[in-house]
Colleague: 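Here it is: the structure, laid out below.
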Amino acid sequence: MSKLDTYITKTSIFLPGEAVDNKDIEHVLGYIGEKASRSLRIVLKSNGIKKRHYVLNPSSGVANFNNAQVTAKSIHGLVDNDFSLNDIECLATGTTLPDQLMPGHGVMVHGELGNTPCEVVSTSGICLAGLTSLKYAYLSVSSGTTTNAVAAASEVISPVLHARNFQAENMALVEQLVQRPEIAFEKDFLRWMLSDGAGAFLLKNKPNLHSLSLRIDWIDISSYANEIPTCMYAGAEKDSDGKLIGWKQLKQEEWIARSIFSIKQDVRLLNENIIALALKKPLQKVIEKYGISANNIDWFLPHISSEYFRQPVSECLTDLNFAIPQERWFTNLSERGNTGSASIYIMIHELLHSGRLNKGEKILCFVPESGRFSGGFMHLTVV
């Protein structure tokens, strides 16, 4: 069966609430143990984020939206005179932390939308969950299985990051935290890195007649979990040997005392491996596989979680003889924050609506994931 051309014909994003700047961030997320975070200024200085969005009410700390709702709101933005929710043939959604363990995130979004029956799929993961949902939608249309598909990615992480989720641990592990302060840092620094948001794409087998579309040329994803232990996780804890122990194997009282459901990241493991395993190896693969050249890339959209990684990414590109000048990079980290799996959707949406794209230009998107180290690339052509 020959592959059909598939196009992103419309994009939409939803960013909840007013943008929160750095001076207000701890007011919204709360103070653990009623004390200011020691890592806040250090992390904000290196990550380059100036504004971000949260679903939390700044006064009460109560979430105004859940994950399924922010996803649905982004999808509603795709509706126009030519496309309704009931026209959706395939709905593919990705997120890091859905609202529940089961059922899947996708069917909860379908329930929020209330549209007629359609195929629904949920992809799991961390930052790559958005790209895997997009790949499923792309394969659905390109195979001729459907004539359209909606891909969406979302993150509602702020309720997990609120101080109330760390109070019990703060009381139970004070002595241990004094002896091993890195435990606190591995959990605390992520509070200043992550934010909420959602994005959605409409994919069709024909481009727009009177406006720009983005043809998806290919999407390529590689995991290197066979080479490295777990780096970023939630709902689990590492034992003394670094092996991940899932929440089902732990006692209920440990869930709270050790904040098992908080998000943790091994910063040392991240810094030592993220460039090599999420960028260098997968990029080498796609350069050889698809014969791409940096000279033919007009726009480079890297999902970088922190400005700290900008220079290492640039140096890696140069080492691979794939240097792309910074003026051809497009990022929005400083104004939108790190919205995880939704980040690449929000970047593409803002570039598409910036007025800076021209017919025939090539876009290379890069999405790394540090869960157990994976890297994804997508190549688009402006038509």
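Nothing fancy with the numbering, it's 1 onward along the sequence.
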Colleague: Are F300 and F330, when compared by the centres of their aromatic rings, separated by less than 6.0 Å?
Modeller: no

Colleague: For a quick check under 3.5 Å, do S133 and Y345 share a side-chain donor-acceptor pair by atom type?
Modeller: yes

Colleague: Does the side chain to side chain donor-acceptor pair (under 3.5 Å) test come out yes or no for T146 and E119, once each step is laid out?
Modeller: CA-CA 10 Å; T146 58; E119 179 181 6; over 6 Å; no

Colleague: Does the side chain of H303 come within less than 4.5 Å of T331's, by heavy atoms?
Modeller: no

Colleague: Around atom CG of D239, are there more than 12 heavy atoms from other residues, nucleotides or ligands closer than 6.0 Å?
Modeller: yes

Colleague: Report the C-alpha separation of L351 and L301 in whole Å, then their side-chain angles, then the decisive distance to 0.1 Å, and conclude whether the side chain to side chain contact (heavy atoms under 4.5 Å, CB included) test is met.
Modeller: CA-CA 9 Å; L351 178 58; L301 274 59; 3.6 Å; yes

Colleague: Tell me, yes or no, whether the heavy-atom count around E18 atom CD, taken from other residues, nucleotides or ligands under 6.0 Å, exceeds 12.
Modeller: no

Colleague: In Å, rounded to the nearest 0.5 Å, how long is the span from CG of L212 to CD1 of I8?
Modeller: 12.5 Å

Colleague: Which class fits the ring pair F366 and F377: parallel under 30°, tilted 30 to 60°, perpendicular over 60°?
Modeller: parallel

Colleague: Would you check if L214 and V382 make a side-chain contact, meaning some heavy-atom pair closer than 4.5 Å?
Modeller: yes

Colleague: Taking the inter-plane angle between the rings of Y290 and W218 on a 0 to 90° scale, is it parallel (under 30°), tilted (30 to 60°) or perpendicular (over 60°)?
Modeller: parallel

Colleague: Begin from the C-alpha positions of K285 and D220 and carry the test salt bridge (Lys or Arg N to Asp or Glu O under 4.0 Å) through to its verdict.
Modeller: CA-CA 9 Å; K285 171 189 169 185; D220 202 290; 3.0 Å; yes

Colleague: Among R41, R52, K51, which residue meets the side chain to side chain donor-acceptor pair (under 3.5 Å) test with N22?
Modeller: R52

Colleague: Tell me, do H379 and I292 make a side-chain contact under 4.5 Å, heavy atoms counted?
Modeller: yes

Colleague: Looking only at side-chain N and O atoms, does S343 offer a donor or acceptor that is under 3.5 Å from a partner on R336?
Modeller: no

Colleague: Partners of F83 by ring pair (Phe, Tyr, Trp, His ring centres under 6.0 Å), sequence neighbours excluded?
Modeller: none

Colleague: Any donor-acceptor pair under 3.5 Å linking the side-chain atoms of S12 with those of S74?
Modeller: no

Colleague: Counting C-beta onward and ignoring hydrogens, is there a side-chain heavy-atom pair between L134 and I219 closer than 4.5 Å?
Modeller: yes

Colleague: With no hydrogens and no angle check, just 3.5 Å: does a side-chain donor-acceptor pair link Q284 and E288?
Modeller: no

Colleague: In a check of side chain to side chain donor-acceptor pair (under 3.5 Å) between H105 and each of T93, D99, T96, T71, which one passes?
Modeller: T71

Colleague: From Q69 CD over to N64 CG, what is the distance, rounded to the nearest 0.5 angstrom?
Modeller: 9.5 Å

Colleague: Do S370 and Q265 have side-chain atoms, one donor and one acceptor, less than 3.5 Å apart?
Modeller: yes

Colleague: Starting from the C-alpha separation in whole Å, work towards a yes-or-no answer on side chain to side chain contact (heavy atoms under 4.5 Å, CB included) for T9 and L203.
Modeller: CA-CA 6 Å; T9 60; L203 277 61; over 6 Å; no

Colleague: When rounded to the nearest 0.5 angstrom, what distance separates OH in Y224 from CG in L277?
Modeller: 7.5 Å

Colleague: Are N165 and S262 packed together at the side-chain level, in the sense that at least one heavy-atom pair is separated by less than 4.5 angstrom?
Modeller: no

Colleague: Linking I/L/V/M/F/W/Y whenever any side-chain heavy atoms sit under 4.5 Å apart, do I363 and W329 land together?
Modeller: no

Colleague: Does a donor on one side chain and an acceptor on the other come within less than 3.5 Å for T147 and N205?
Modeller: no

Colleague: Would R328 and D298 pass as an ion pair if we require N to O under 4.0 Å?
Modeller: no

Colleague: Kindly determine whether S305 and N338 satisfy side chain to side chain donor-acceptor pair (under 3.5 Å), including the steps that lead there.
Modeller: CA-CA 6 Å; S305 60; N338 176 9; 4.7 Å; no

Colleague: How long is the span from the CD atom in E307 to the NZ atom in K45, to the nearest 0.5 Å?
Modeller: 14.5 Å

Colleague: How about CD on Q252, more than 12 heavy atoms from neighbouring residues, nucleotides or ligands closer than 6.0 Å, or not?
Modeller: no

Colleague: CG/L4 to OG/S143 distance, rounded to the nearest 0.5 angstrom?
Modeller: 7.5 Å

Colleague: Think K73 forms a cation-pi with F14, using NZ or CZ under 6.0 Å from the six-ring centre and within 45 degrees of its axis?
Modeller: yes

Colleague: Check D266 with K238, please: is the shortest side-chain N to carboxylate O separation under 4.0 Å?
Modeller: yes

Colleague: When you check the side-chain N and O atoms of S37 and E26, is any donor under 3.5 Å from an acceptor?
Modeller: no

Colleague: For residues K362 and L380, determine if any side-chain heavy atom of one lies less than 4.5 Å from a side-chain heavy atom of the other.
Modeller: no

Colleague: Find out whether I13 and L15 are in side-chain contact, i.e. whether some heavy atom of one side chain is under 4.5 Å from a heavy atom of the other.
Modeller: yes

